[in-house]
Every structure is written in C-alpha cells, then in structure tokens.
Amino acid sequence: MRVLGVDPGTVAMGWGVVDEIGRRLTYVAGGVIRARGPLAQRLVRVYEETQRILLEFTPAWVSLEKTFVGENVQ
C-alpha cells in the first residue's frame with residue numbers, strides 16, 4: 001500500500017510518499033512545495049503540484065497533518 005503524507009501550508013507544503021510492504025515502511029519520495037505571491041497564486045501552485053504528485057505516485061491513501069494556527073508563531 002502506498003501513502004502520501006502532507007504537512008499543509010500556503011507558503012511551504014511538505015510531502016512524503018512511503019510504501020508499506022508487510023510490516024515495513026519504505027521511503028519512496030518527498031519534498032517541499034514552495035509558493036510565493038498573492039494567496040490565490042500560492043493556492044494555484046499548491047494545487048498544481050499536488051495534482052502532479054498524485055498522478056506520479058498514485059497513492060492508495062493520503063494522510064493530512066492537522067493544521068495549527070496561532071498568533072506570532074515562530
């Protein structure tokens with residue numbers, strides 16, 4: 001089974017793909033989608049790159065990290 005894990009963000013979105021073979025996880029690929037400009041432009045970039053990743057790696061499942069929003073987070 002192949003899983004895509006996503007750490008969401010509108011400036012930098014991390015992603016990774018792993019294969020489960022038996023009880024073992026194997027790294028397949030990963031990276032960061034970086035986007036600049038107005039929010040709408042960033043969202044288009046994140047969408048397009050996510051579509052590319054889904055088509056290239058065809059995961060059976062997607063795991064999305066819960067977002068956290070706070071004031072003055074560093």
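Numbers here simply count residues along the sequence, with the first being 1. All values reported here derive from a predicted model rather than from experimental measurement.
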Inter-residue atom distance [X].[atom1] - [Y].[atom2], 0.5 Å rounding:
X     : Y     : atom1 : atom2 : result
Tyr47 : Ile33 : OH    : CD1   : 12.5 Å
Glu56 : Glu49 : CD    : CD    : 10.0 Å
Leu25 : Glu20 : CG    : CD    : 6.0 Å
Trp15 : Ile53 : CH2   : CD1   : 4.5 Å
Arg24 : Ile21 : CZ    : CD1   : 8.0 Å

**Message:** With side-chain contact (heavy atoms from CB on, under 4.5 Å) as the criterion, how do Val11 and Arg42 come out once you've worked through the C-alpha distance, each side chain's angles and the decisive distance to 0.1 Å?
**Reply:** CA-CA 7 Å; Val11 175; Arg42 295 192 316 254; 4.2 Å; yes

**Prompt:** Side chains of Met13 and Val32: closer than 4.5 Å at any heavy-atom pair?
**Reply:** no

**Fill in**
The side chain to side chain contact (heavy atoms under 4.5 Å, CB included) partner of Val28 among Val3, Leu4, Val17 is Val17

**Message:** Under 4.5 Å between side-chain heavy atoms, counting indirect links through other Ile/Leu/Val/Met/Phe/Trp/Tyr residues: same cluster for Leu64 and Val18 or not?
**Reply:** no

**Prompt:** For the residue pair Thr10 and Ala35, what are the closest heavy atoms and their distance?
**Reply:** O-CB, 3.8 Å

**Message:** Using a 6.0 Å cut-off, check whether atom CZ of Arg52 has over 12 heavy atoms from anything other than its own residue.
**Reply:** yes

**Request:** In sequence, state the C-alpha distance, the side-chain angles, and the governing distance for Asp19 and Met1, and then conclude on side-chain contact (heavy atoms from CB on, under 4.5 Å).
**Result:** CA-CA 6 Å; Asp19 280 341; Met1 173 177 56; over 6 Å; no

**Message:** With a 3.5 Å distance limit and no angle check, can you tell me whether Arg2 reaches the backbone of Ala60 through a side-chain donor-acceptor pair?
**Reply:** no

**Prompt:** If only atom types and distance count, is the side chain of Arg45 paired as donor or acceptor with the main-chain N or O of Arg34 below 3.5 Å?
**Reply:** yes

